[in-house]
Structure formats: structure tokens, C-alpha cells
Amino acid sequence: MVRIFCNLSKALDCVKRVILLNKLFHYRVRGTCDHWFKSYLTNRKQKVVISKQNLGEESFSSWETIINAVPQVSILGPLLFLIYINGILYGLYHTAEPVIYADDTSALITARNTKALQIKAKITLEYMSKWFLINGLTLNIEKTNIVKFSSTLYLAIMDYGIFWRNSIGSKKVFLQQKRIIRIMTGSNSRTSCKPLFQRLKILTLSSQYVLYLMGFLSQNLEIYTFNSTIHGFNTRHRLQLHKPSTNVTVYQKEAYCESIKIFYKLPEYVVEVVLRKKCFVPNMKKYPTDKAFYSIEEYMNT
């Protein structure tokens, strides 16, 4: 996943008045309102004043008519710029998720693999550059950044120890995870993160815990006892687990007990492939990713 953060050179100063008025007309600003905006934007003048404080003198330039630009340091300035730039959204939705705030424009791009991500990022950046050029805006390539986001940090925290679920800091880590995903998607602080996790296919802290334990189970099947190893009957409980028949370390005991609890709550279509390691891992990852569990209690109650 990458986000392109665009930097426009003198964005508000480069707004073409004619184009802006046409866009307002397109958005059904007609009649009196249309005349008011034309009056507001036309025949505006400015001059430059240079003060020499030590000498108590001031130098003035002559008044010049402003052909383009929207008034800065005003309430209407950022709003008019948003209306001006809003058209860029329509060509981005097939490759990216655009976010516009004042003169800050960014695009979130997701893909299943690195190659597809690079292609979509290239298409998106080329489209945005062309759109800005057509509308009289200049994309500052030197200050435009492409940032790749990864969940590596949180995976490292969660992989550090399987006991993290009971740690005091786990709630703080999850709050930071939600904060980061809101930043990544340009969402406000009141936006629910569950659909964001699901859409971006990022594991929540609790979902990662479930996946970690099931990975432990899959890699250590020899310390588990299934019903199917005790009797040969094809019952619906044949894959349920018994207590271990071998001694395990203190570390494994914690992982072992927790993994059994998690295992019992797995849907049947995942349990059916538990003995086939190659099939188990991808099926297991999809389930907690799609559900985006906020807590282990939520998982246990499903």
C-alpha cells in the first residue's frame, strides 16, 4: 500500500478564474449567486508595500489587477479551491482512493503484489500530473512524496512474544494501530476503523493474535491429540482437540492452551483443512482479516 502526497507550487495563486467560474456554473451556481462570485473574483487589485522601519519610510508598487488566484487568508479561499480541484476525483477512483483537504491532495493505492502496486502508482501519478497541468496547476515533483505503508512494525511487536495479549500495553498498541490506519486513509478521528481494516486487508491486533496461535498449532501438530487419532469414526467432532499427551515447555503451555480455545471457535471450512498445512495458513489468514476482530472476546463470541 502506498500513498502519494502531492505538493502544488503556489496552488491558490494559480487558480484560473475562468475555469473556476465554469466549474461553479457546472455545480449549478446560477443567477444571483453566480453574479456574486463573478463580482467577488473579478477586478481585484493588489500592490506591494516595503517598509524600512529604521528609516521610517515605505515604498509602494503600483496597483495591479489580479487575473487569477483565489483570495488567501479568507474563508472562501480554501472552499473555492476545493471546488476547483474536485474534478480530479473522478479519474482516480479506478486506481486509487483520493483524499483532498484544502490545497493538500493525496491518493491511497492498494494492490495484491508489488508489481501491480507500481503500475497503479505510475498510472495515478501520470493522471494527476496531466490533470494539474490542464487546470493550470503545477505539481512540484521534488516535494511530492510517495510513502509505502506496512504493518511490519506491529507484526514485530506482536511476534515478540505470544504473551502480548495479557500485557498492559496491548490496548495502547491497538489504539496506535487504529490511529495509523486513519492517517493512511485520510479518515477523521470518529471514523470506525473496522471497515478500513477489512477494505485494506490489514490484520487487527487481535486478528494477528488469532493467526499467530493457529500458526503455532499448524507447526506443532505433534503435541496435539485429535479425536480422529483416537477412533476411526467419521463424526463431526473428529477434529476436536484433547489435552496434550506429551510434556511441553512453559512457553508452549501458554500457546497450547490458548490455541485450543481459539481452535474451537474456528468455522468448519477452516477446521477441515487444519491437517493440511499448505492449505491451512492461507485459509486461516483470510478469516481473521475479513472479520477484523477488535478483541479476543469478540472472536470467542462469534
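- Note that CG of Leu8 is 8.0 Å distant from CE of Met128, once rounded to the nearest 0.5 Å.
- Around atom CZ of Arg179, no more than 12 heavy atoms belonging to other residues, nucleotides or ligands sit under 6.0 Å away.
- Using a 4.5 Å cut-off between side-chain heavy atoms of Ile, Leu, Val, Met, Phe, Trp and Tyr, with links allowed through other members, Ile66 and Phe60 fall into different hydrophobic clusters.
- In terms of hydrophobic clustering, with Ile, Leu, Val, Met, Phe, Trp and Tyr side chains grouped at heavy-atom distances under 4.5 Å, Tyr90 and Ile123 are assigned to different clusters.
- The aromatic rings of Tyr294 and Phe174 sit perpendicular to each other, their planes meeting at more than 60°, with 30° as the lower class boundary.
- There is no side-chain donor-acceptor pair under 3.5 Å between Asn7 and Glu142.
- Between Tyr84 and Lys23, the closest heavy-atom pair is O-CE, 3.0 Å.
- We find the CD1-CD1 distance between Ile134 and Ile19 to be 9.5 Å, quoted to the nearest 0.5 Å.
- Of all non-hydrogen atoms in Leu203 and Gln177, the two that sit nearest each other are O-NE2, 2.8 Å.
- Of all heavy-atom pairs between Glu58 and Ser51, the closest is OE2-OG, 3.3 Å.
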For this session: Please assess Thr105 against Val99 for the test side-chain contact (heavy atoms from CB on, under 4.5 Å), listing each intermediate value before the final yes or no.
Result: CA-CA 6 Å; Thr105 303; Val99 177; over 6 Å; no
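- Side-chain contact between Phe25 and Val29: absent, with no pair of heavy atoms (C-beta onward) separated by less than 4.5 Å.
- The two residues Asn43 and Arg17 make their nearest non-hydrogen contact at N-NH1, 4.4 Å.
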For this session: For side-chain hydrogen bond (donor to acceptor under 3.5 Å, both in side chains), just list the numbers for Ser62 and Glu64, CA-CA rounded to whole Å, side-chain angles, deciding distance to a tenth of an Å, and then say yes or no.
Result: CA-CA 6 Å; Ser62 59; Glu64 297 291 340; 3.3 Å; yes
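- Geometric assessment of Lys265 against the ring of Tyr299 yields a negative cation-pi assignment under the 6.0 Å and 45° thresholds.
- Side-chain atoms of Arg182 come within 3.5 Å of backbone atoms of Thr191 as a donor-acceptor pair (strictly under, hydrogens ignored).
- When all heavy atoms of Met214 and Ser259 are compared, the pair lying nearest together is CE-O, 3.1 Å.
- Between Phe293 and Tyr209, the ring centre distance reaches or exceeds 6.0 Å.
- Side chain of Asn113 to main chain of Lys115: a donor-acceptor pair is present (N/O by atom type, distance under 3.5 Å, no hydrogens or angles).
- In terms of hydrophobic clustering, with Ile, Leu, Val, Met, Phe, Trp and Tyr side chains grouped at heavy-atom distances under 4.5 Å, Trp63 and Val49 are assigned to different clusters.
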For this session: Go through the steps for Val2 and Val147 under the test side-chain contact (heavy atoms from CB on, under 4.5 Å), then give the verdict.
Result: CA-CA 5 Å; Val2 299; Val147 180; over 6 Å; no
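- For Arg44 and Tyr40, the positive end sits near the middle of the six-membered ring, less than 6.0 Å away and at most 45° from its axis.
- A heavy-atom distance below 4.5 Å is not found between the side chains of Leu92 and Trp131.
- With Lys120 contributing its side chain and Thr110 its backbone, the two residues share a donor-acceptor pair below 3.5 Å.
- Rounding to the nearest 0.5 angstrom, the gap separating the OG atom in Ser74 from the CG atom in Leu80 is 7.5 Å.
- Under the 4.5 Å side-chain criterion, counting only non-hydrogen atoms from C-beta, Val210 is not in contact with Tyr287.
- By the 4.0 Å N-to-carboxylate-O rule, Lys130 lies too far from Glu126 to be salt-bridged with it.
- Between Lys286 and Lys201, every side-chain heavy-atom pair lies at or beyond the 4.5 Å cut-off.
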Problem set entry | Criterion side-chain contact (heavy atoms from CB on, under 4.5 Å) on Leu125 and Leu139, from CA distance to verdict | CA-CA 10 Å; Leu125 189 57; Leu139 183 65; 4.2 Å; yes
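- Open room surrounds CZ on Arg112; 12 or fewer heavy atoms of other groups in view lie less than 6.0 Å from it.
- Taken from CD1 in Ile109 to CD1 in Ile119, the straight-line distance is 12.0 Å, to the nearest 0.5 Å.
- Residues Phe197 and Val173 fall within the same hydrophobic cluster, defined by Ile, Leu, Val, Met, Phe, Trp and Tyr side chains chained together at heavy-atom separations under 4.5 Å.
- Here the OG-CD1 distance, from Ser9 to Ile141, works out to 9.5 Å after rounding to the nearest 0.5 Å.
- Side-chain atoms of Ser187 and Thr185 form a donor-acceptor pair, as typed in the model, at a separation below 3.5 Å.
- Counting only distance, with no hydrogens or angles, the side chain of Asn135 and the backbone of Leu137 share no donor-acceptor pair below 3.5 Å.
- Between Lys291 and Glu298, none of the side-chain N atoms (NZ, or NE/NH1/NH2) sits under 4.0 Å from a carboxylate O, so this pair counts as no salt bridge.
- Side-chain contact check for Asn68 versus Val15: every heavy-atom pair is 4.5 Å or farther apart.
- Side chains of Leu21 and Val18 form no contact here, defined as non-hydrogen atoms less than 4.5 Å apart.
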For this session: Give the intermediate values and the outcome of side-chain hydrogen bond (donor to acceptor under 3.5 Å, both in side chains) for residues Lys47 and Ser61.
Result: CA-CA 6 Å; Lys47 67 177 180 179; Ser61 69; over 6 Å; no
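- For the residue pair Thr95/Thr124, the side-chain donor-acceptor check at 3.5 Å is satisfied.
- Considering only heavy atoms from C-beta on, Lys261 stays 4.5 Å or farther from Ile296 through its side chain.
- The line from CG of Leu175 to SG of Cys193 is 9.5 Å long, rounded to the nearest 0.5 Å.
- Following chains of ILVMFWY side-chain contacts shorter than 4.5 Å, one can reach Tyr27 starting from Leu20, so the two form part of one hydrophobic cluster.
- Judged purely by atom type and a 3.5 angstrom limit, Ser106 has no side-chain atom pairing as donor or acceptor with the backbone of Phe5.
- Here the side chain of Thr289 pairs a donor or acceptor atom with the backbone of Lys285 at under 3.5 angstrom.
- Checking Leu76, Leu12, Leu41 one by one against Pro71, the side chain to side chain contact (heavy atoms under 4.5 Å, CB included) holds for a single residue, Leu41.
- Shown here for Ala292 and Lys194, the closest heavy-atom pair between the two residues is O-NZ, 2.6 Å.
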